[in-house]
Amino acid sequence: MVGSLATPRALELLRTVPLLAGLDKRHLRTLADSAAERTFKAGEFIVREGEKGLGFYLVVEGQAEVERAGRPVATLGTGQFFGEMALLDDEPRTASVRAKGPVRCLVLSTWEFWGSVGKDPEALRTLLQDTVRRLRGSEPALGD
Ligand code: CMP
């Protein structure tokens with residue numbers, strides 16, 4: 001399900017996302033105007049491994065499972081994000097992400113992502129730290 005958000009509610013949700021904590025009010029308001037809210041049912045695929053990546057997802061409620069080649073590799077919950085890798089290198093999705101139970105996300109388009117997170121050095125640093133951790137966890141040779 002896709003819905004557009006009334007700005008005050010979107011602002012409230014965006015403020016709960018640690019990654020965005022450093023964004024100023026003006027940026028947050030712009031994001032709140034444009035971010036879409038999407039809800040997913042238990043078991044539903046949110047993104048699929050190998051597909052082109054068009055969005056960046058912030059989990060505002062619920063838990064999602066990350067699967068590579070059909071195997072679970074991580075669980076992401078409220079306040080966490082996914083979908084950054086395909087936006088960073090413009091390559092296909094590295095994993096599928098599936099709703100464990102009902103999941104609510106805010107979705108930023110590629111353009112919104114680069115205009116907000118991509119412009120904030122603190123947010124980018126946090127994002128890259130998490131991404132590197134994810135890569136270390138999934139590529140044993142990198143974690144040595
Ligand atoms: P992307 O490749 O765009 O789409 C799938 C997403 O799953 C990926 O971005 C990351 O956000 C996330 N992801 C991939 N591998 C892991 C991992 N090992 N741990 C946590 N999240 C991951």
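Hydrogens, waters and symmetry mates play no part in the numbers below; they use all other heavy atoms, side chains included. Both ligands and their constituent atoms are indexed starting at 1 by order of listing. One is the number of the first residue; the rest follow in order along the sequence.
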Quick one: closest heavy-atom pair of L54 and L87, and the distance?
C-CD2, 4.2 Å
Between R134, R136, R48, which one has a non-hydrogen atom sitting closest to atom 12 (C) of ligand 1?
R134
In this structure, CG of L31 is separated from CG of L106 (nearest 0.5 Å) by 9.0 Å
Closest protein heavy atom (residue, atom, distance) for atom 13 (N) of ligand 1:
V66 CG1, 3.6 Å
Nearest protein heavy atom to atom 5 (C) of ligand 1, by residue and atom, and its distance?
A95 O, 3.4 Å
Donor-acceptor check, side chain of T39 to backbone of R104, threshold 3.5 angstrom: yes or no?
no
Residue V97 vicinity, atoms of ligand 1 by number, heavy atom under 4.0 Å
7 (O)
What is the nearest protein non-hydrogen atom to atom 3 (O) of ligand 1, stated with its residue, atom name and distance?
R93 NH1, 2.7 Å
Checking side-chain polar atoms at under 3.5 Å, does S96 have a donor or acceptor matched by the opposite partner on E67?
no
Within the 4.0 Å heavy-atom cut-off, what A86 brings close to ligand 1 is both
Ligand 1 atoms in contact with T94 (distance to a heavy atom under 4.0 Å):
1 (P), 2 (O), 5 (C), 8 (C), 14 (C)
Looking at F56 versus F81, is the centre-to-centre ring distance below 6.0 Å?
yes
Using a strict 4.0 Å cut-off to heavy atoms of F82, name the atoms of ligand 1 that fall inside it.
11 (O)
With a 4.0 Å cut-off on heavy atoms, does G137 reach ligand 1?
no
Below 4.0 Å, non-hydrogen atoms only: which portion of E84 touches ligand 1? Side chain, backbone, both or neither.
both
Distance in Å, L28 CG paired with T30 OG1, rounded so as to fall on 0.5 Å steps
8.5 Å
Between T131 and ligand 1, which part of the residue brings a heavy atom under 4.0 Å of the ligand: side chain, backbone, both or neither?
neither
Determine yes or no for a side-chain-to-main-chain donor-acceptor pair under 3.5 angstrom, with Q63 supplying the side chain and T75 the backbone.
no
Please report whether ligand 1 has a polar contact with V47, defined as an N or O pair separated by less than 3.5 Å (distance criterion only).
no
If I compare all heavy atoms of K100 with all of V103, which pair ends up nearest, and what's the gap?
N-CG2, 4.3 Å
Which residue and heavy atom of the protein sit nearest atom 6 (C) of ligand 1, plus the separation
G83 N, 3.9 Å
Report yes or no: does R93 contribute a side-chain atom to a donor-acceptor pair with the main-chain N or O of G83 at less than 3.5 Å?
yes
Could you list which atoms of ligand 1 come closer than 4.0 Å to a heavy atom of A74?
19 (N), 20 (C)
